[in-house]
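What follows is one structure encoded as C-alpha coordinates, with my remarks underneath.
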Amino acid sequence: MPRVLLIGWDGADWRILDPLLERGDLPNLQALIDRGQKAVLRSTVPTHSWAAWPSFLTGVDPADHGVYDILETVPGTHKQYPVTYKSIKERTFVEDLSTAGKVGVYADVPLLFPPPNINGKIAAGGVLPKNRTYTQPADLAETLEKAGVPWEINGMSWTTYRNKPDAYLAEALEITGKRIRASEWLMDNTDWDLMASVWVSVDRTQHALSNYVGPDHPDYASNTKTAIGAKVRDVYKQLDDGIGSFVSRTREDDLVLFISDHGFQSVTRTIHMDHLLKEFGFLEFSASNVVFGPMQWGPVRKIARKAYDMLGLHGKVSLPQSVNWSKTKAFTTIRSTGEGVSINLAGRDPDGIVDPADFEKVRDRVMDRLANFVDPKTGRKPVKAIYKREEIFKGKHADTAPDILMEPAELYSLTHAKTSLEDADWISGDHRPEGVIVAAGPDVRAFDEPPFLIDLAPTILAALDAPAMIKHTGRVLHELVGEADVKHTEVAPAVAIPGMPTGDEETTVSDTEADEMEEHLRGLGYLE
Ligand SMILES: [Zn+2]
(Lines give C-alpha, C1' and ligand atoms only; values in the text may rest on other atoms or scores of the structure.)
Protein backbone atom coordinates (compact mmCIF):
# COMPACT_ATOMS: atom_id res chain seq x y z
CA MET A 1 0.00 0.00 0.00
CA PRO A 2 1.49 3.38 -1.01
CA ARG A 3 2.09 5.95 1.70
CA VAL A 4 2.18 9.75 1.67
CA LEU A 5 5.08 11.94 2.74
CA LEU A 6 4.05 15.58 2.99
CA ILE A 7 6.64 18.30 3.57
CA GLY A 8 5.24 21.82 4.10
CA TRP A 9 7.43 24.91 3.97
CA ASP A 10 5.31 27.64 5.54
CA GLY A 11 5.33 30.64 3.21
CA ALA A 12 7.43 29.11 0.38
CA ASP A 13 7.07 30.91 -2.96
CA TRP A 14 8.53 30.11 -6.39
CA ARG A 15 9.63 33.72 -6.72
CA ILE A 16 12.17 32.97 -3.98
CA LEU A 17 12.77 29.25 -4.54
CA ASP A 18 13.39 29.45 -8.31
CA PRO A 19 16.58 31.55 -8.03
CA LEU A 20 17.81 29.24 -5.23
CA LEU A 21 17.13 26.22 -7.45
CA GLU A 22 19.02 27.90 -10.29
CA ARG A 23 22.01 28.45 -8.02
CA GLY A 24 21.97 24.75 -7.18
CA ASP A 25 21.25 25.49 -3.51
CA LEU A 26 18.29 23.08 -3.30
CA PRO A 27 19.46 19.81 -4.92
CA ASN A 28 16.94 17.61 -3.11
CA LEU A 29 13.97 19.77 -4.06
CA GLN A 30 15.36 19.85 -7.60
CA ALA A 31 15.50 16.04 -7.66
CA LEU A 32 11.86 15.90 -6.54
CA ILE A 33 10.83 18.35 -9.29
CA ASP A 34 12.82 16.36 -11.87
CA ARG A 35 10.88 13.19 -11.15
CA GLY A 36 7.51 14.88 -10.53
CA GLN A 37 5.40 17.95 -11.17
CA LYS A 38 5.75 21.53 -10.00
CA ALA A 39 2.95 24.12 -9.82
CA VAL A 40 1.55 27.11 -7.96
CA LEU A 41 -0.72 26.09 -5.09
CA ARG A 42 -3.39 28.70 -4.49
CA SER A 43 -4.00 29.53 -0.80
CA THR A 44 -7.07 30.82 1.00
CA VAL A 45 -8.39 34.34 1.55
CA PRO A 46 -7.29 35.62 4.03
CA THR A 47 -3.78 34.59 3.11
CA HIS A 48 -2.17 33.70 6.41
CA SER A 49 -1.27 30.49 8.16
CA TRP A 50 -4.06 30.65 10.73
CA ALA A 51 -6.78 30.41 8.08
CA ALA A 52 -4.72 28.41 5.58
CA TRP A 53 -3.60 25.44 7.70
CA PRO A 54 -7.17 24.71 8.91
CA SER A 55 -8.17 24.74 5.22
CA PHE A 56 -5.39 22.24 4.54
CA LEU A 57 -6.59 20.08 7.45
CA THR A 58 -10.28 20.14 6.48
CA GLY A 59 -10.38 20.57 2.70
CA VAL A 60 -12.87 23.42 3.08
CA ASP A 61 -12.66 27.22 2.92
CA PRO A 62 -12.49 29.42 6.05
CA ALA A 63 -16.24 30.08 5.78
CA ASP A 64 -16.80 26.36 6.44
CA HIS A 65 -14.23 25.85 9.21
CA GLY A 66 -14.72 29.27 10.80
CA VAL A 67 -11.06 30.26 11.42
CA TYR A 68 -10.29 33.69 9.98
CA ASP A 69 -7.56 35.01 12.23
CA ILE A 70 -5.07 34.14 14.93
CA LEU A 71 -7.55 35.37 17.52
CA GLU A 72 -11.18 34.35 17.78
CA THR A 73 -13.80 36.50 19.41
CA VAL A 74 -16.10 35.18 22.09
CA PRO A 75 -19.55 35.78 20.53
CA GLY A 76 -21.28 38.89 21.82
CA THR A 77 -18.12 40.30 23.46
CA HIS A 78 -14.81 41.91 22.55
CA LYS A 79 -12.95 39.10 24.33
CA GLN A 80 -10.49 37.30 22.10
CA TYR A 81 -8.48 34.11 22.52
CA PRO A 82 -5.76 32.59 20.36
CA VAL A 83 -7.22 29.99 18.00
CA THR A 84 -6.52 26.31 18.61
CA TYR A 85 -7.50 22.97 17.08
CA LYS A 86 -10.86 23.31 18.82
CA SER A 87 -11.55 26.51 16.89
CA ILE A 88 -11.73 24.47 13.66
CA LYS A 89 -15.46 23.86 13.23
CA GLU A 90 -15.17 21.07 10.67
CA ARG A 91 -13.83 17.55 10.73
CA THR A 92 -10.18 17.21 9.68
CA PHE A 93 -8.58 14.55 7.50
CA VAL A 94 -6.38 13.81 10.54
CA GLU A 95 -9.42 12.26 12.23
CA ASP A 96 -10.74 10.60 9.07
CA LEU A 97 -7.39 8.85 8.57
CA SER A 98 -7.38 7.72 12.18
CA THR A 99 -10.94 6.37 11.93
CA ALA A 100 -9.87 4.42 8.84
CA GLY A 101 -7.10 2.79 10.89
CA LYS A 102 -4.32 4.69 9.12
CA VAL A 103 -1.32 5.87 11.10
CA GLY A 104 -0.51 9.56 10.75
CA VAL A 105 2.58 11.32 12.05
CA TYR A 106 2.32 15.11 12.32
CA ALA A 107 5.39 17.15 13.12
CA ASP A 108 4.88 20.88 13.71
CA VAL A 109 1.64 21.05 11.72
CA PRO A 110 0.04 24.31 12.93
CA LEU A 111 -3.31 24.30 14.73
CA LEU A 112 -2.95 20.72 16.01
CA PHE A 113 -2.95 21.95 19.63
CA PRO A 114 -4.51 20.58 21.76
CA PRO A 115 -3.62 17.39 19.88
CA PRO A 116 -6.63 15.27 18.91
CA ASN A 117 -6.72 11.72 20.19
CA ILE A 118 -5.72 9.80 17.06
CA ASN A 119 -4.04 6.68 15.85
CA GLY A 120 -0.53 8.00 15.31
CA LYS A 121 1.82 10.63 16.65
CA ILE A 122 1.58 14.40 16.92
CA ALA A 123 4.08 17.08 17.95
CA ALA A 124 1.74 20.04 17.58
CA GLY A 125 2.83 23.14 15.73
CA GLY A 126 1.82 26.77 15.84
CA VAL A 127 1.96 28.88 18.95
CA LEU A 128 1.81 26.79 22.12
CA PRO A 129 1.38 27.61 25.81
CA LYS A 130 4.18 26.25 27.98
CA ASN A 131 3.54 23.44 30.44
CA ARG A 132 0.71 21.91 28.43
CA THR A 133 0.70 18.60 26.65
CA TYR A 134 1.36 19.30 22.98
CA THR A 135 1.98 15.74 21.88
CA GLN A 136 -0.06 12.66 21.11
CA PRO A 137 0.51 10.29 22.78
CA ALA A 138 0.94 12.52 25.81
CA ASP A 139 4.36 11.07 26.69
CA LEU A 140 5.79 11.56 23.19
CA ALA A 141 7.69 14.70 24.26
CA GLU A 142 9.38 12.66 26.99
CA THR A 143 10.07 9.79 24.59
CA LEU A 144 11.78 12.15 22.13
CA GLU A 145 13.81 13.67 24.95
CA LYS A 146 14.96 10.24 26.13
CA ALA A 147 15.84 9.25 22.57
CA GLY A 148 18.21 12.21 22.40
CA VAL A 149 16.06 14.12 19.90
CA PRO A 150 14.20 16.64 22.10
CA TRP A 151 11.42 18.67 20.50
CA GLU A 152 11.54 22.41 21.10
CA ILE A 153 8.27 24.38 20.88
CA ASN A 154 7.75 27.98 19.71
CA GLY A 155 10.86 30.10 18.99
CA MET A 156 11.89 32.14 15.93
CA SER A 157 10.04 35.24 17.19
CA TRP A 158 11.42 37.34 14.38
CA THR A 159 10.13 40.72 15.60
CA THR A 160 12.05 40.39 18.87
CA TYR A 161 15.28 40.15 16.86
CA ARG A 162 14.77 43.56 15.28
CA ASN A 163 17.86 44.42 13.27
CA LYS A 164 19.79 41.46 14.70
CA PRO A 165 19.68 39.07 11.74
CA ASP A 166 22.63 36.96 12.94
CA ALA A 167 21.00 36.18 16.28
CA TYR A 168 17.68 35.42 14.62
CA LEU A 169 19.26 33.15 12.00
CA ALA A 170 21.27 31.27 14.64
CA GLU A 171 18.06 30.46 16.52
CA ALA A 172 16.15 29.50 13.36
CA LEU A 173 18.91 27.09 12.27
CA GLU A 174 19.29 25.60 15.75
CA ILE A 175 15.60 24.93 16.44
CA THR A 176 14.96 23.68 12.91
CA GLY A 177 17.95 21.34 13.14
CA LYS A 178 16.50 19.83 16.32
CA ARG A 179 13.08 19.38 14.74
CA ILE A 180 14.59 17.71 11.67
CA ARG A 181 16.34 15.15 13.88
CA ALA A 182 13.17 14.54 15.90
CA SER A 183 11.16 14.12 12.67
CA GLU A 184 13.67 11.59 11.34
CA TRP A 185 13.29 9.67 14.59
CA LEU A 186 9.48 9.79 14.26
CA MET A 187 9.70 8.40 10.71
CA ASP A 188 12.11 5.65 11.76
CA ASN A 189 10.13 4.60 14.80
CA THR A 190 6.58 4.62 13.45
CA ASP A 191 4.87 2.35 10.94
CA TRP A 192 3.34 5.40 9.29
CA ASP A 193 0.87 5.77 6.42
CA LEU A 194 1.14 9.56 6.37
CA MET A 195 4.18 11.53 7.50
CA ALA A 196 3.35 15.25 7.52
CA SER A 197 5.88 17.82 8.69
CA VAL A 198 5.71 21.60 8.45
CA TRP A 199 8.74 23.90 8.53
CA VAL A 200 8.13 27.45 9.70
CA SER A 201 11.66 28.88 9.44
CA VAL A 202 10.96 29.86 5.81
CA ASP A 203 8.00 32.07 6.79
CA ARG A 204 9.74 33.67 9.77
CA THR A 205 12.91 34.35 7.78
CA GLN A 206 11.05 35.84 4.84
CA HIS A 207 9.11 38.22 7.09
CA ALA A 208 12.34 39.74 8.41
CA LEU A 209 14.86 39.08 5.65
CA SER A 210 13.09 38.99 2.28
CA ASN A 211 15.39 41.84 1.33
CA TYR A 212 18.18 39.20 1.21
CA VAL A 213 16.30 36.47 -0.62
CA GLY A 214 13.29 37.99 -2.43
CA PRO A 215 14.16 39.12 -5.98
CA ASP A 216 11.19 41.51 -5.91
CA HIS A 217 12.81 43.54 -3.09
CA PRO A 218 14.68 46.66 -4.30
CA ASP A 219 17.68 45.85 -2.05
CA TYR A 220 17.92 42.20 -3.09
CA ALA A 221 20.61 42.54 -5.75
CA SER A 222 23.13 44.06 -3.33
CA ASN A 223 22.05 42.20 -0.18
CA THR A 224 22.19 38.76 -1.75
CA LYS A 225 25.98 39.03 -2.07
CA THR A 226 26.55 39.72 1.64
CA ALA A 227 27.47 37.31 4.44
CA ILE A 228 23.94 37.62 5.85
CA GLY A 229 22.59 36.80 2.40
CA ALA A 230 24.58 33.56 2.46
CA LYS A 231 23.34 32.75 5.96
CA VAL A 232 19.72 33.35 4.92
CA ARG A 233 20.23 30.83 2.12
CA ASP A 234 21.47 28.37 4.76
CA VAL A 235 17.90 28.32 6.16
CA TYR A 236 16.72 26.89 2.82
CA LYS A 237 19.72 24.59 2.39
CA GLN A 238 19.11 23.12 5.85
CA LEU A 239 15.50 22.36 4.95
CA ASP A 240 16.57 20.99 1.57
CA ASP A 241 18.90 18.57 3.40
CA GLY A 242 15.79 17.65 5.40
CA ILE A 243 13.91 16.86 2.16
CA GLY A 244 16.78 14.57 1.12
CA SER A 245 16.71 12.83 4.47
CA PHE A 246 12.92 12.37 4.55
CA VAL A 247 12.65 11.25 0.92
CA SER A 248 15.42 8.68 1.51
CA ARG A 249 13.04 7.08 4.00
CA THR A 250 10.26 6.59 1.41
CA ARG A 251 9.56 3.70 -0.95
CA GLU A 252 9.25 3.90 -4.70
CA ASP A 253 5.44 3.75 -4.71
CA ASP A 254 4.98 6.42 -2.00
CA LEU A 255 3.47 9.78 -2.94
CA VAL A 256 5.76 12.67 -1.95
CA LEU A 257 4.18 16.12 -1.63
CA PHE A 258 6.01 19.40 -1.07
CA ILE A 259 3.68 22.35 -0.39
CA SER A 260 3.34 25.78 1.17
CA ASP A 261 0.27 27.26 2.86
CA HIS A 262 0.72 30.60 1.07
CA GLY A 263 3.34 32.49 -0.92
CA PHE A 264 5.32 35.60 -0.12
CA GLN A 265 6.01 39.04 -1.49
CA SER A 266 8.55 41.65 -0.52
CA VAL A 267 7.44 44.66 1.49
CA THR A 268 8.80 48.22 1.58
CA ARG A 269 5.71 50.06 2.91
CA THR A 270 3.43 49.06 5.77
CA ILE A 271 -0.01 50.01 7.05
CA HIS A 272 -1.75 50.01 10.41
CA MET A 273 -5.33 49.31 9.45
CA ASP A 274 -7.00 50.75 12.58
CA HIS A 275 -4.97 53.97 12.27
CA LEU A 276 -5.89 54.18 8.60
CA LEU A 277 -9.58 53.76 9.47
CA LYS A 278 -9.16 56.53 12.04
CA GLU A 279 -7.59 58.77 9.42
CA PHE A 280 -10.59 58.11 7.16
CA GLY A 281 -12.95 59.06 10.01
CA PHE A 282 -14.40 55.58 10.59
CA LEU A 283 -12.70 54.79 13.91
CA GLU A 284 -11.86 56.56 17.17
CA PHE A 285 -9.40 55.39 19.80
CA SER A 286 -10.21 55.90 23.47
CA ALA A 287 -7.32 58.07 24.61
CA SER A 288 -7.88 57.48 28.32
CA ASN A 289 -8.08 53.74 28.17
CA VAL A 290 -4.83 52.53 26.67
CA VAL A 291 -4.50 48.85 27.43
CA PHE A 292 -1.77 46.36 26.94
CA GLY A 293 -3.12 43.93 24.38
CA PRO A 294 -6.05 43.13 22.17
CA MET A 295 -7.64 40.96 24.83
CA GLN A 296 -8.95 43.88 26.79
CA TRP A 297 -10.41 42.43 29.93
CA GLY A 298 -9.90 40.84 33.29
CA PRO A 299 -7.43 41.04 36.16
CA VAL A 300 -4.86 38.90 34.33
CA ARG A 301 -4.33 41.73 31.92
CA LYS A 302 -3.46 44.08 34.77
CA ILE A 303 -0.95 41.59 36.17
CA ALA A 304 0.71 41.16 32.80
CA ARG A 305 0.85 44.91 32.45
CA LYS A 306 2.56 45.25 35.84
CA ALA A 307 5.09 42.60 34.93
CA TYR A 308 5.88 44.51 31.78
CA ASP A 309 6.27 47.72 33.76
CA MET A 310 8.71 45.98 36.08
CA LEU A 311 10.70 44.50 33.22
CA GLY A 312 10.80 47.84 31.47
CA LEU A 313 9.59 46.32 28.23
CA HIS A 314 7.40 49.19 27.19
CA GLY A 315 9.94 50.63 24.82
CA LYS A 316 10.13 47.34 23.00
CA VAL A 317 6.49 46.36 22.87
CA SER A 318 4.10 48.89 21.42
CA LEU A 319 0.83 49.23 23.22
CA PRO A 320 -2.19 49.21 20.96
CA GLN A 321 -4.83 51.72 21.80
CA SER A 322 -8.27 50.45 22.56
CA VAL A 323 -11.13 51.43 20.35
CA ASN A 324 -13.85 53.86 21.41
CA TRP A 325 -16.75 51.74 20.19
CA SER A 326 -19.37 54.45 20.58
CA LYS A 327 -17.59 56.51 17.91
CA THR A 328 -16.39 53.69 15.65
CA LYS A 329 -18.11 52.61 12.43
CA ALA A 330 -15.47 50.22 11.09
CA PHE A 331 -12.62 48.29 12.71
CA THR A 332 -9.96 45.70 11.88
CA THR A 333 -11.18 42.12 12.26
CA ILE A 334 -8.19 40.25 10.85
CA ARG A 335 -5.60 41.65 13.20
CA SER A 336 -2.75 39.38 12.18
CA THR A 337 -2.54 40.64 8.60
CA GLY A 338 -4.93 43.60 8.36
CA GLU A 339 -6.75 41.86 5.51
CA GLY A 340 -10.19 42.08 7.15
CA VAL A 341 -12.35 44.99 8.29
CA SER A 342 -15.87 44.89 9.72
CA ILE A 343 -18.64 47.39 10.24
CA ASN A 344 -19.54 48.05 13.90
CA LEU A 345 -23.09 46.87 13.40
CA ALA A 346 -25.85 47.45 15.94
CA GLY A 347 -27.53 44.20 17.01
CA ARG A 348 -24.52 42.10 15.97
CA ASP A 349 -21.44 43.65 17.52
CA PRO A 350 -21.45 44.14 21.30
CA ASP A 351 -21.21 47.94 21.09
CA GLY A 352 -22.44 48.32 17.53
CA ILE A 353 -23.52 51.79 16.38
CA VAL A 354 -24.23 51.39 12.66
CA ASP A 355 -27.94 50.86 12.01
CA PRO A 356 -28.50 47.67 9.97
CA ALA A 357 -30.43 49.84 7.48
CA ASP A 358 -27.23 51.81 6.84
CA PHE A 359 -24.92 48.78 6.67
CA GLU A 360 -24.52 48.64 2.86
CA LYS A 361 -24.06 52.40 2.58
CA VAL A 362 -21.38 52.51 5.28
CA ARG A 363 -19.62 49.42 3.95
CA ASP A 364 -19.54 50.89 0.42
CA ARG A 365 -18.01 54.08 1.76
CA VAL A 366 -15.34 52.21 3.75
CA MET A 367 -14.54 50.01 0.74
CA ASP A 368 -14.32 53.00 -1.56
CA ARG A 369 -11.83 54.76 0.73
CA LEU A 370 -9.71 51.63 1.26
CA ALA A 371 -9.67 50.64 -2.40
CA ASN A 372 -8.85 54.06 -3.78
CA PHE A 373 -6.47 55.71 -1.36
CA VAL A 374 -3.05 56.40 -2.80
CA ASP A 375 0.28 56.27 -0.98
CA PRO A 376 1.67 59.79 -1.46
CA LYS A 377 5.25 58.51 -1.33
CA THR A 378 4.90 55.98 -4.15
CA GLY A 379 1.81 57.18 -6.00
CA ARG A 380 0.47 53.63 -5.77
CA LYS A 381 -2.64 52.09 -4.24
CA PRO A 382 -1.69 49.81 -1.29
CA VAL A 383 -4.86 47.69 -1.63
CA LYS A 384 -4.71 45.47 -4.69
CA ALA A 385 -8.10 43.78 -4.40
CA ILE A 386 -11.09 44.31 -2.14
CA TYR A 387 -14.13 42.09 -1.67
CA LYS A 388 -17.43 42.06 0.14
CA ARG A 389 -17.75 39.16 2.55
CA GLU A 390 -20.41 37.43 0.46
CA GLU A 391 -18.23 37.53 -2.68
CA ILE A 392 -15.66 35.29 -0.98
CA PHE A 393 -17.50 33.38 1.71
CA LYS A 394 -20.58 31.22 1.22
CA GLY A 395 -20.08 28.55 3.89
CA LYS A 396 -21.98 27.92 7.09
CA HIS A 397 -19.70 30.15 9.21
CA ALA A 398 -19.75 33.02 6.72
CA ASP A 399 -21.67 35.14 9.24
CA THR A 400 -18.59 35.38 11.47
CA ALA A 401 -16.30 36.43 8.60
CA PRO A 402 -15.10 40.03 8.22
CA ASP A 403 -17.47 42.26 6.23
CA ILE A 404 -14.62 43.42 3.96
CA LEU A 405 -11.62 41.41 2.70
CA MET A 406 -8.49 42.83 1.09
CA GLU A 407 -5.34 41.69 -0.66
CA PRO A 408 -2.26 43.92 -0.35
CA ALA A 409 -0.58 45.34 -3.46
CA GLU A 410 2.98 44.37 -4.35
CA LEU A 411 5.53 45.76 -1.84
CA TYR A 412 2.79 46.51 0.73
CA SER A 413 1.85 44.88 4.01
CA LEU A 414 -1.52 45.81 5.52
CA THR A 415 -0.09 45.38 9.02
CA HIS A 416 3.16 45.83 10.98
CA ALA A 417 3.09 49.67 10.95
CA LYS A 418 2.95 51.96 13.99
CA THR A 419 1.16 54.71 12.06
CA SER A 420 -1.40 54.57 9.27
CA LEU A 421 1.24 54.29 6.53
CA GLU A 422 5.02 54.23 6.77
CA ASP A 423 8.25 52.71 5.48
CA ALA A 424 8.78 49.07 6.41
CA ASP A 425 11.08 48.71 9.41
CA TRP A 426 12.65 45.26 9.95
CA ILE A 427 9.73 43.55 8.20
CA SER A 428 10.58 43.09 4.53
CA GLY A 429 8.14 40.41 3.43
CA ASP A 430 4.51 39.38 3.87
CA HIS A 431 2.07 36.84 2.48
CA ARG A 432 0.48 36.47 -0.96
CA PRO A 433 -1.93 33.76 -2.15
CA GLU A 434 0.39 31.98 -4.62
CA GLY A 435 1.98 29.10 -2.72
CA VAL A 436 3.91 26.12 -4.09
CA ILE A 437 3.42 22.41 -4.74
CA VAL A 438 5.71 19.68 -6.01
CA ALA A 439 4.47 16.11 -6.25
CA ALA A 440 6.35 12.92 -7.09
CA GLY A 441 5.02 9.39 -7.16
CA PRO A 442 3.98 6.56 -9.47
CA ASP A 443 0.68 8.16 -10.60
CA VAL A 444 1.83 11.78 -10.80
CA ARG A 445 1.22 13.59 -14.11
CA ALA A 446 0.91 17.23 -15.19
CA PHE A 447 -1.92 19.27 -13.67
CA ASP A 448 -5.03 19.64 -15.87
CA GLU A 449 -6.42 22.30 -13.56
CA PRO A 450 -4.62 24.56 -11.08
CA PRO A 451 -4.42 22.95 -7.63
CA PHE A 452 -5.66 24.64 -4.44
CA LEU A 453 -4.62 24.21 -0.83
CA ILE A 454 -8.12 22.86 -0.01
CA ASP A 455 -7.50 20.00 -2.49
CA LEU A 456 -4.88 18.40 -0.25
CA ALA A 457 -7.23 16.86 2.34
CA PRO A 458 -9.36 14.89 -0.17
CA THR A 459 -6.23 13.99 -2.15
CA ILE A 460 -4.42 12.57 0.88
CA LEU A 461 -7.54 10.57 1.87
CA ALA A 462 -7.88 9.24 -1.70
CA ALA A 463 -4.19 8.29 -1.85
CA LEU A 464 -4.50 6.34 1.39
CA ASP A 465 -7.90 4.85 0.56
CA ALA A 466 -9.55 6.34 3.65
CA PRO A 467 -13.19 7.48 3.56
CA ALA A 468 -14.20 11.05 4.41
CA MET A 469 -16.98 12.00 6.77
CA ILE A 470 -17.52 15.44 5.30
CA LYS A 471 -17.95 16.83 1.84
CA HIS A 472 -14.83 18.76 0.89
CA THR A 473 -14.85 21.97 -1.10
CA GLY A 474 -11.54 20.95 -2.62
CA ARG A 475 -11.21 18.23 -5.24
CA VAL A 476 -9.19 15.02 -5.35
CA LEU A 477 -6.09 15.86 -7.41
CA HIS A 478 -6.33 12.92 -9.81
CA GLU A 479 -3.18 14.25 -11.48
CA LEU A 480 -1.36 12.98 -8.36
CA VAL A 481 -3.28 9.86 -7.36
CA GLY A 482 -4.61 8.52 -10.68
CA GLU A 483 -7.97 6.78 -10.44
CA ALA A 484 -8.03 6.75 -6.65
CA ASP A 485 -10.99 8.61 -5.21
CA VAL A 486 -12.36 9.54 -1.85
CA LYS A 487 -15.36 7.62 -0.58
CA HIS A 488 -17.82 9.41 1.64
CA THR A 489 -19.51 7.78 4.55
CA GLU A 490 -23.20 8.56 4.18
CA VAL A 491 -23.84 10.28 7.46
CA ALA A 492 -21.41 11.52 10.05
CA PRO A 493 -21.96 9.63 13.31
CA ALA A 494 -24.12 11.45 15.82
CA VAL A 495 -21.94 10.34 18.73
CA ALA A 496 -19.00 12.48 19.75
CA ILE A 497 -15.80 11.59 17.93
CA PRO A 498 -12.65 11.70 20.06
CA GLY A 499 -10.91 14.99 19.53
CA MET A 500 -13.80 16.39 17.55
CA PRO A 501 -15.03 19.76 18.81
CA THR A 502 -18.63 19.59 19.97
CA GLY A 503 -18.97 23.33 20.25
CA ASP A 504 -19.77 23.43 23.94
CA GLU A 505 -16.30 22.97 25.45
CA GLU A 506 -14.85 25.52 27.75
CA THR A 507 -12.22 27.74 26.21
CA THR A 508 -9.22 25.62 25.32
CA VAL A 509 -6.65 27.87 26.92
CA SER A 510 -6.81 29.70 30.22
CA ASP A 511 -6.52 33.48 30.41
CA THR A 512 -2.95 33.14 31.67
CA GLU A 513 -2.06 30.85 28.77
CA ALA A 514 -3.79 33.19 26.37
CA ASP A 515 -1.55 35.99 27.65
CA GLU A 516 1.52 33.84 27.21
CA MET A 517 0.52 32.80 23.69
CA GLU A 518 -0.34 36.38 22.86
CA GLU A 519 3.18 37.40 23.86
CA HIS A 520 4.64 34.86 21.48
CA LEU A 521 2.26 35.95 18.73
CA ARG A 522 3.51 39.47 19.21
CA GLY A 523 7.05 38.17 18.71
CA LEU A 524 5.91 36.59 15.47
CA GLY A 525 4.49 39.91 14.30
CA TYR A 526 0.90 38.72 14.36
CA LEU A 527 -0.10 41.23 16.99
CA GLU A 528 1.20 44.68 17.64
ZN1 LIG B 1 3.83 34.50 8.03
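Start at 1 and go down the list; that is how both ligands and their atoms are numbered. Predicted model only: the values in this text are computed from it and were never measured.
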Under 2.8 Å from the Zn ion (ligand 1), is there an N/O/S atom belonging to Asp203?
yes

Looking at Lys231 and Asp166, does any basic side-chain N land under 4.0 Å from a carboxylate oxygen?
yes

Can you give me the NE2-the Zn ion (ligand 1)-NE2 angle for His207 and His431, to 10°?
90°

Metal proximity, His262 vs the Zn ion (ligand 1), N/O/S cut-off 2.8 Å
no

So that I can check it, does any N, O or S atom in His48 come closer than 2.8 Å to the Zn ion (ligand 1)?
no

Could you work out, with ring pair (Phe, Tyr, Trp, His ring centres under 6.0 Å) as the rule, every residue matching Phe331, not counting sequence neighbours?
Trp325

Suppose the criterion is salt bridge (charged side-chain N to carboxylate O under 4.0 Å, His left out): which pairs have a residue in residues 212-228, not counting sequence neighbours?
Arg15-Asp216

Aromatic ring centroids of Trp158 and Tyr161 under 6.0 Å?
no

